[in-house]
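We're numbering straight along the sequence, starting at 1.
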Amino acid sequence: MATPALKAIRNGFPDSHITWLVRASLKKVIENLPYCDEILEYEERRSGFARRRLLSWAARLRERKIDLAVIFPNSFSSAFMAFLAGIKRRIGYSREGRRILLTDPIEPIREGSRIVPVPMVKYYLRITEAMECPSPPPKPELAVSLPARQEARAILARHGIDQEGMIIVMIPGAAYGSSKCWEPSYFAEVGDRLTDEYGCSLLIIPGPGEEQIAREIEAEMQNRPVVLSDPIVPLDVLMAVIQRSSLVITNDTGPRHFAVALDRPVVVIMGPTDPRYTNLNLEKTALLRENLECSPCHLKICPREHQCMTAIKPEQVIQASERLIHRFVEPHGRTGGSQRKGTA
C-alpha cells in the first residue's frame, strides 16, 4: 500500500540515488518496481540482540552520508535508527513519542486526541505530499518477475490445472493472528459450491504455519482442491499465481492487497480490523463484514466467540463471488470440470 508513495518519491527526486531499506522477507514483493536504485535487506528478528542490530544498521547508514530519510513505519525504532545514522532530514509521522527524532514531523489526522483511521495508501501519500512530490494515482502497484511467472505456470502444470480456464485462489490464513481467520468448514463449503457451479480449478494457498488450516479445508471438501503447502509458495510466486487467477477469496490479509494491485477480483472476509484503513480501490473488491459493537477490536486472538467472523456465512461469500465472476470474469474462464475425491 506504500507503492504509490514510493512512486511519488521517484517522481519528485528523479536524479537522486534512492535506497529502500526493507525487511528481507518482503523484498521479493517490491524488488521489481522501477522506483529505486538499490534495496537493502533488514533481517528483523523477534528476539535477541535487537539493540545491537539497530546500532549496527545505524552505523552502516551513517557511512552512506544519506541526505533524507523517508520513514513509513510508525515505530519508534525506525525513526531512532535514522536519527542515530545522522541523516540530515528525517520525515515521518509524529507518533509513538518520536517527534524529537524527526526534522519534519507530520501530524496524523485527529478528532480530538484520537487518530482518525484513513486508507493506508493516502496515509503514506500524505508524507510525500509534505515533501512536495507530485502524487500519482492512489492505486497500489506490483511488478511480477518473469521467473516468478514461469514458476507459477510450472506449478499449475504439475497439478494438471487448465491454465486457460477459471482459477479461484483461496487464502485461508492470516499472519496477523487467528482473529482474522474464517472457519475452515465455511471455506470448504464455498469451494465445493463454486467448483460445482463453474467447473473451476480451486487453489488453497496457506502461509507459513497455516498448513493445518489448509488441510482441514481439504478434508471437509467433496471436490478435490489443489493445496499448495509443500513447499510454502514464496511471495513473488504467490503474486504470479494471483495475477493468473480469475478470483481470490481471502481473509483480510496481505494477498488481498496483491489482488488489488494486480487488478484481480477479490472477496475479503473482514473481522476485527477497521475497514477505514483499506477503504480505497474497491472497484473489484467485495468486502464482507459484520458491524458488531465489539468490532473493530484489532485483537490478534478473540477473547469472545469470534462472532465477527462466524456471523459471515458461506452463502454470503458464494453470492459475492458470483457477482464478481459475472461482472469481471470472461466466459471462457468457466471451462473445465471438477474432480471428485477418489476419481481419476
query: Any chain of hydrophobic side-chain contacts (each under 4.5 Å) joining L282 to L280?
result: no
- request: Go through the steps for L324 and V267 under the test side chain to side chain contact (heavy atoms under 4.5 Å, CB included), then give the verdict.
  value: CA-CA 8 Å; L324 290 175; V267 178; 3.7 Å; yes
- prompt: Looking only at atom types and distance, does a side-chain atom of T128 sit under 3.5 Å from a main-chain N or O of L6, one as donor and one as acceptor?
  reply: no
- prompt: Which pair of non-hydrogen atoms, one from M1 and one from Y124, has the smallest distance, and what is that distance?
  reply: O-CD1, 3.6 Å
- prompt: Within the side chain of N251, is there an N or O that forms a donor-acceptor pair under 3.5 Å with the backbone of T253?
  reply: no
query: R276 and side-chain hydrogen bond (donor to acceptor under 3.5 Å, both in side chains): which partner among N279, D274, T273?
result: D274
- request: Kindly indicate whether the side chain of L21, heavy atoms from C-beta on, has any atom under 4.5 Å from the side chain of M81.
  value: yes
V266 and L247, any side-chain heavy atoms less than 4.5 Å apart: no
query: Side chain of D37, backbone of T19: donor and acceptor closer than 3.5 Å?
result: no
query: Is a side-chain N or O of S321 found less than 3.5 angstrom from the main chain of V317, in a donor-acceptor match?
result: yes
- prompt: Going from CD1 on I269 to SG on C181, what distance comes out if it is rounded to the nearest 0.5 angstrom?
  reply: 10.0 Å
field: Intermediate values then yes/no, side chain to side chain contact (heavy atoms under 4.5 Å, CB included), T285 and N281
entry: CA-CA 8 Å; T285 298; N281 299 302; over 6 Å; no
Heavy atoms of other groups near E111 CD, more than 12 under 6.0 Å: no
- prompt: Are there more than 12 heavy atoms of other residues, nucleotides or ligands under 6.0 Å from atom CZ of R114?
  reply: no
field: Shortest non-hydrogen contact between A240 and A152, atoms and distance
entry: CB-CB, 3.6 Å
field: Residue L146 excluded, over 12 heavy atoms near CG under 6.0 Å
entry: yes
- line: Value for OG (S145) from CG (N32), rounded to nearest 0.5 Å, stands at 5.0 Å
message: Please check if the number of heavy atoms outside K284 that lie under 6.0 Å from its NZ is greater than 12.
response: yes
message: Testing the basics here: between A24 and E41, what is the closest heavy-atom pair and its distance to 0.1 Å?
response: CB-OE1, 3.5 Å
task: To the nearest 0.5 Å, tell me how far Q163 CD sits from I155 CD1.
output: 10.5 Å
task: Before accepting this row, confirm whether a basic side-chain N of the pair D236/R149 lies closer than 4.0 Å to the acidic partner's carboxylate O.
output: no
task: Using modelled atom types only, decide if a donor and an acceptor are shared between the side chain of S229 and the backbone of I232 within a distance under 3.5 Å.
output: no
message: Within the structure provided, determine whether Y35 and E141 are in side-chain contact (heavy-atom separation under 4.5 Å).
response: yes
- prompt: Hey, any chance V121 and I71 share a hydrophobic cluster, counting ILVMFWY side chains that come within less than 4.5 Å of each other, even indirectly?
  reply: no
query: With the threshold set at 4.0 Å, does a side-chain nitrogen-carboxylate oxygen contact exist between E151 and R158?
result: yes
query: Are H17 and C36 side-chain neighbours, meaning at least one heavy-atom pair lies under 4.5 Å?
result: no
E283 vs K139, side chain to side chain contact (heavy atoms under 4.5 Å, CB included): CA-CA, chis, key distance, verdict: CA-CA 11 Å; E283 294 83 3; K139 174 73 181 289; 5.7 Å; no
query: Is the closest side-chain heavy-atom distance between M239 and V233 below 4.5 Å?
result: no
- prompt: Taking 4.0 angstrom as the limit, do E315 and R193 come out as a salt bridge?
  reply: yes
- request: Could you go through the salt bridge (Lys or Arg N to Asp or Glu O under 4.0 Å) check for E107 and R95 one step at a time?
  value: CA-CA 8 Å; E107 286 296 328; R95 301 182 60 173; over 6 Å; no
field: Atom of R264, atom of S245 and distance for their closest heavy-atom approach
entry: NH1-O, 2.9 Å
task: Check I127 against I106 and note the closest heavy-atom contact, atom names and distance.
output: CA-CD1, 3.6 Å
Side chain to side chain contact (heavy atoms under 4.5 Å, CB included) between V226 and L228, worked out: CA-CA 6 Å; V226 172; L228 301 182; 3.7 Å; yes
- prompt: Do the side chains of L102 and I115 join up, straight or via other hydrophobic residues, at under 4.5 Å, putting them in one cluster?
  reply: no
message: When you measure from the side chain of T195 to the backbone of G191, do you find a donor-acceptor pair of N or O atoms at a distance under 3.5 Å?
response: yes
- request: Verify the neighbour count for atom NZ of K28: are there more than 12 heavy atoms of other residues, nucleotides or ligands below 6.0 Å?
  value: no
task: For the pair R110 (side chain) and S113 (backbone), establish whether a donor and an acceptor sit closer than 3.5 Å, ignoring hydrogens and angles.
output: yes
message: Checking R153 against Q150: is there a side-chain donor and acceptor pair closer than 3.5 Å?
response: no
- line: To the nearest 0.5 Å, atom CD1 of I217 lies from atom CD of Q212 at 10.5 Å
- request: Using the side chain to side chain donor-acceptor pair (under 3.5 Å) rule, take S16 and R10 through it: C-alpha gap first, then chi angles, then the decisive distance, then the call.
  value: CA-CA 8 Å; S16 295; R10 178 81 284 173; 5.6 Å; no
message: Working to the nearest 0.5 angstrom, can you tell me the gap between I30 CD1 and L142 CG?
response: 9.0 Å
message: I need the minimum non-hydrogen distance between P136 and A8, along with the two atoms involved.
response: CD-CB, 3.6 Å
field: Side-chain donor-acceptor pair present, T278, R256, cut-off under 3.5 Å
entry: yes
pair S246-V329: side-chain heavy atoms closer than 4.5 Å: yes
- prompt: Are the side chain of W182 and the backbone of I312 linked by a donor-acceptor contact shorter than 3.5 Å?
  reply: yes
field: Check: I168 and L203 side chains under 4.5 Å, non-hydrogen atoms
entry: no
What donor-acceptor contacts under 3.5 angstrom involve side-chain atoms of residues 82-94, with partners at least two apart or in another chain?
unit_1 : atom_1 : unit_2 : atom_2 : d
R89    : NE     : D104   : OD1    : 3.4
R89    : NE     : D104   : OD2    : 3.4
R90    : NE     : L101   : O      : 2.6
R90    : NH1    : I87    : O      : 2.6
R90    : NH2    : L101   : O      : 3.3
Y93    : OH     : Y123   : O      : 2.5
Y93    : OH     : R126   : NH1    : 3.4
S94    : OG     : R99    : NE     : 3.4

query: Quick one: CD1 on I213 to CD on E216, what's the gap to the nearest 0.5 Å?
result: 7.0 Å
task: Check whether any side-chain N or O of K313 sits under 3.5 Å from a backbone N or O of T310 as a donor-acceptor pair, and report yes or no.
output: yes
- prompt: Judged by atom type as modelled, is there a donor-acceptor pair below 3.5 Å linking the side chain of E211 to the main-chain atoms of G209?
  reply: yes
message: Quick check: do I167 and L156 have side-chain heavy atoms less than 4.5 Å from each other?
response: yes
